[in-house]
Structure formats: structure tokens, C-alpha cells
Student: 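Structure in C-alpha cells, see below.
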2 protein chains.
Amino acid sequence: MSDVKRRQAKADPEMDEAIYQAITQAILEGRLTAGTKLAEHRLAEAFGVSRERIRKVLHRLGAERRIEIVPNRGARVPQPSLNEIRAVYEAHRVLEAGVLVQLVRILDAAILARLDAHLAEERAAAERGDRAASVRLSGAFHIHLVDALGNSELSHFLRDLLSRSSVMVSVYEPASQSICAVDEHEAIVEALRARDLAAAIDLSRHHFLHVERRLRVECAPKAAQEFADVFALPVRQP
Amino acid sequence: MSDVKRRQAKADPEMDEAIYQAITQAILEGRLTAGTKLAEHRLAEAFGVSRERIRKVLHRLGAERRIEIVPNRGARVPQPSLNEIRAVYEAHRVLEAGVLVQLVRILDAAILARLDAHLAEERAAAERGDRAASVRLSGAFHIHLVDALGNSELSHFLRDLLSRSSVMVSVYEPASQSICAVDEHEAIVEALRARDLAAAIDLSRHHFLHVERRLRVECAPKAAQEFADVFALPVRQP
DNA sequence: CGCTTAGATAATGTGCACATTATGCATCAA
DNA sequence: TTGATGCATAATGTGCACATTATCTAAGCG
């Protein structure tokens, strides 16, 4: 009672979210390579929290297909096959075709202005050779397209696909090339501005085929990482 | 030790899956109406399992947006607003447009044969006035369309949308009308057979607009249900 | 009479102990 | 040397006890 016997941490949804974001970001940014074992005890120690909290986050990640969970055998960072990657890209391509169909119907000056502003930003990053920004902005372009519809279902699905393809790119994509050609993005917006639906869909299709063609089967059998190095923030001071 | 003190149930993923399916089906079939509180203790008692098992299933359902979970306040069957329902239908419409774009490219005799077979089944159900079968088959038509692409990502997303719109229909749709007109489905297949993409998209679009137009705001404030009646199977014999 | 508030009660969140299962390793036989 | 087998160890799954939070009720006050 009055003892300092044990102190139970109060309900803290922010901590759950912080751990969730930390692991998600680590996978997206490639700090956690494919195939890495995610042991509950190790993670609990690295974050300085109890094992149950890690367990809850891990199951949530498993339900969202971001990690792979095998009963009684724990969780791993998935190593998708080339076919699964192609399926994700194809799904993105199919979805974007549908988005374009709807977009030409509701297109107005405000939407075009937002897309133009993004293209300018993207081109600036490409011209100054900022690869990190280029990767981020090339993904953001497709997010802008679907967000223009204002449909949270579609936006959520696309972000899910994009987060999955990001980790895939980090595994299979040769790092020397830029992800998306800015020219192709600009061409899509021009077709939209001209209300040329067939052209926009065709450009989008070829754009994705270009990206898919760059994929190579390059397995990255990196050594096991130390979680304390992967996650910078959870260093707790005594 | 050797006592019959307490017996821990061995790991049983099938039980988890059974409970998950039971709750999902109950929501889909309308046995659990919108707004019903899903108390952990009540569910544990109804299924005859421990509270932690229910808790795990509930969090999984919450992650998939099938139920609504508020921290420290428990889980409820969601009562979506009319706008949210429209968003789900719009997402379905946008996705199907993209599916049609890809479908006309890979269309062959086998796919058309499967679609024709389904249409015959659907028309037979409509002509004999089997409303239950009509509802089921009209949803299955759209599943057939996306499954023809053989992309599990797209199939999974569409099934998710369909399961969400099913519960919505049970809440908002007047029960006297059939969900989908078979004629409209047949017209879409005919446009596909003629490789007329623009017509197919337009037919699909109007088809969904017809369904959306039927939606009415009809709140169903039914009385609280007894879980023992809702879930038939978990009656455990002593 | 209406509003606020304090206590009682019920439901959810968390940590821990233990059961169960998988894995690594040494030993032995062919 | 290679393969199989049994044991030791570690990791995951589950139930329970307790802390925390929300909800309900009723008393008190303006």
C-alpha cells in the first residue's frame, strides 16, 4: 500500500504510439533490415518498458501486415518476394487509375495550384541533387493526388501501400537511381489540366511500369543489429 | 502442481479465430446493431473464455476499423455517419474504375466465362425472389471483378470495404429494395466484352450512384441485446 | 428545483508469475 | 563424418491480481 513495493505505470497511450511510430519509422527508413527478429524481451529492454506493452504494439503491427508474426515463434521484419512487391506496385497503379477517373471530374483551380506547388518543390529538390528529399517528395506526389479527392478511405489505403513499397524499395532498389522521374509527374498533371483522362491514365501506368522495371532481386543479408543503436530516443537516464 | 488447482488452456489460435469470426459475422448480419457496447467481461462470459482472449480479439477488430475503441471507455459497434458511408461507397467506386482499366487489358475468355456464370446465378436468384441470395450475390459480383486481376492487395481492400458497407446497408438501407440491379451488372460485363473501357467505367459509376441514392438516414435505436442470444455456438455444456 | 460534487461501483489497463512451445547443443549410434 | 535423439535454455502465450479511470447515484447547496 504505502510501500514502495511496486509502482504501476499509469495508462499512457502516447507511449504506445511512440513505440509504434519508432518501429514503423525504423522499418521504413531501413534501419531495421528485412528478416530481423523482433524479440519481445529485447525490445522491452531497449525501450525501457514492460514486455506486455511491446507485445501489444507488435500485434498491432502484425495486423497491419507491417511485420510478420508466426504463433509461438515471434515477430520478424518481413522479406517480401519479388511477386509480392509487384503486387503492391500493381495495386498502387490500379488505384491511381481510379483516382484519376474521379479527379478529372472534380478538378478545379485550387487542386491544380496545390499540385503545381508540389511539382515546383519536387523539381527544386531534384535539381540540387537532394536524393533524400527527392524520394520523400516523389512519394508525396501520389499522396497529393489521392488526397485531392478528400476520401479518407482511399488516402488511408494508399498510405498503407506506400509504406509497404518504401521498405521494399530499400531492399530491392539500387540506391543510385532516383525513384520517380519529375518529368513524368509533370506530364500527368499536364494531362489532368487538359482534362485528358485517357492520357493521364496512360502516363500514370507507364510511370509505374518504369518504377517496377527498376526493381532487382538484391537480397541484403546484413548482420543483426543492436536495438539500442537502431532506436536512438529510448535511452533512459538513471 | 499435481493439484487440480487451475488448468491453463493451451495455446489455441483456432479459438481466437472462432471468436473473431463470430463477432465479425454478428456485425455483418446485423445481429449486433450499431452502438452496442462490447464489454469485455460480458463477452468473456458469453464465450466461456478468459477476458484477455476477448481483449486480444477486440483490439484486432479495432485495428481493422470493424469496431470503435476509445481508451479507458471500451469498444462499441460503430454507427457511421452518412458522410462516412458515402466515403466508403465512393472509395469502392474509385477502386472499381481502376480495376476496370486494368481488366480490359488482361481480359480473356476464361474471365468472361466466370463473370457470365455469376450473372446467370444472380439473375436466377432475382427471378425467384430470393432476397438473401440476391444481396449476397450482388456483393460477390464486385468481388469477382477485382479477383479477376489476381492481386491480393486489391482483393483484400475491396473485401474490407464491402464488409463495412454491408453493416451500413443493414442500418440505412430500406429493406424492401434489392441492393444491386442485375441489369446494371450485365451491362458492365457487356461493355467489358466489347473492350469499351469508357462505357464500362461510366456504367460502374452510375451503378454506384444508384446504390448511394437509395441510402436514407434511418437510425435504428434497438434495445440492448443479450450476448447469449446473439452468439449461438458458445454454449458450453457442463 | 436545478446544478454541482463526492462517494460507490463497474469496467478497462498493466505488470507479473507460470505454462507451453521452440531452439540450441551435446551425445550417441550407424 | 553424418544423422538422429534427448536435455537445457530461451522465448512466447495465458491467466490472474491489482491500479486506474469512467460512470452512476445521491446528497448538499444556491
Side-chain angles (χ1 to χ4, degrees), chain A residues 1-20 23 32 35-63 67-78 224-227 234 236, chain B residues 1-20 23 32 35-63 66-78 224-228 234 236:
Chain A
M1 317 290 200
S2 58
D3 246 24
V4 206
K5 206 172 179 181
R6 61 166 174 236
R7 203 169 298 182
Q8 183 159 329
K10 64 179 178 182
D12 192 353
E14 301 177 11
M15 179 63 80
D16 289 33
E17 189 63 21
I19 297 175
Y20 172 82
I23 297 181
L32 282 174
T36 302
K37 177 79 181 294
L38 295 174
E40 299 175 353
H41 184 64
R42 301 276 310 279
L43 286 171
E45 204 171 48
F47 282 99
V49 300
S50 73
R51 192 165 68 93
E52 277 65 26
R53 204 173 280 258
I54 297 293
R55 166 174 274 268
K56 191 167 58 176
V57 174
L58 248 45
H59 276 88
R60 177 179 167 194
L61 288 166
I67 63 176
E68 184 182 359
I69 292 184
V70 181
N72 289 322
R73 292 198 44 186
R76 311 186 75 89
V77 181
Q225 304 127 45
E226 277 302 319
F227 288 156
R236 62 191 188 282
Chain B
M1 321 287 194
S2 59
D3 246 23
V4 206
K5 203 174 181 179
R6 63 166 173 236
R7 203 168 299 181
Q8 183 160 330
K10 62 178 178 180
D12 193 353
E14 301 177 12
M15 179 65 78
D16 290 31
E17 189 63 21
I19 298 175
Y20 171 83
I23 297 179
L32 282 175
T36 302
K37 177 78 181 294
L38 295 174
E40 299 174 354
H41 184 65
R42 302 275 310 280
L43 286 172
E45 204 170 48
F47 282 100
V49 300
S50 72
R51 192 165 68 93
E52 277 64 26
R53 204 174 282 257
I54 296 292
R55 166 174 273 269
K56 191 166 59 176
V57 174
L58 249 47
H59 276 87
R60 177 180 167 192
L61 288 166
R66 285 186 154 80
I67 63 176
E68 186 180 359
I69 292 184
V70 181
N72 290 324
R73 292 197 45 186
R76 309 186 76 89
V77 180
Q225 305 127 41
E226 277 302 320
F227 288 156
R236 62 189 188 284

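To find a chain, count down the sequence lines: A is the first, B the second, and so on, and within it residues start at 1. Because the structure is predicted, anything quoted here is derived from the model rather than measured.
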Student: Taking atom P of C:dG13 as reference, at what distance in whole Å does atom CD of A:Glu14 sit?
Tutor: 16 Å
Student: To the nearest angstrom, how far is B:Lys56 atom NZ from D:dG15 atom P?
Tutor: 9 Å
Student: What is the nucleic acid contact for B:Glu52, judged by heavy atoms within less than 4.0 Å: base, sugar-phosphate only, or nothing?
Tutor: base
Student: How large an angle, rounded to 10°, do the end axes of the helix from C:dC1-D:dG30 to C:dA30-D:dT1 enclose when each is built from five base pairs?
Tutor: 10°
Student: If the condition is side-chain hydrogen bond (donor to acceptor under 3.5 Å, both in side chains), which residues does A:Lys37 pass it with, not counting sequence neighbours?
Tutor: none
Student: Would you kindly give the CD-to-C1' distance between A:Glu40 and D:dT14, to the nearest whole Å?
Tutor: 12 Å
Student: Just the rounded figure in Å: distance from P of C:dA10 to CG of B:Leu38.
Tutor: 20 Å
Student: To the nearest Å, give me how far apart NE2 (A:His41) and P (C:dC16) are.
Tutor: 12 Å
Student: Can you tell me the distance, in whole Å, between the CG atom of B:Asn72 and the C1' atom of C:dA11?
Tutor: 10 Å
Student: With distance as the sole criterion, do the side chain of B:Arg51 and the base of C:dG13 form a donor-acceptor contact below 3.5 Å?
Tutor: yes
Student: What is the separation between atom CG on B:Leu58 and atom P on C:dG13, rounded to the nearest whole Å?
Tutor: 9 Å
Student: Using heavy atoms to find the nearest nucleotide of DNA chain C for A:Pro71 and A:Ser50 separately, return the residue whose nucleotide is more 5′.
Tutor: A:Ser50
Student: Listed by chain and number, what are the side-chain hydrogen bond (donor to acceptor under 3.5 Å, both in side chains) partners of A:Arg51, not counting sequence neighbours?
Tutor: A:Glu40
Student: Should A:Arg73 be listed as having a side-chain N or O under 4.0 Å from OP1 or OP2 of C:dT23?
Tutor: yes
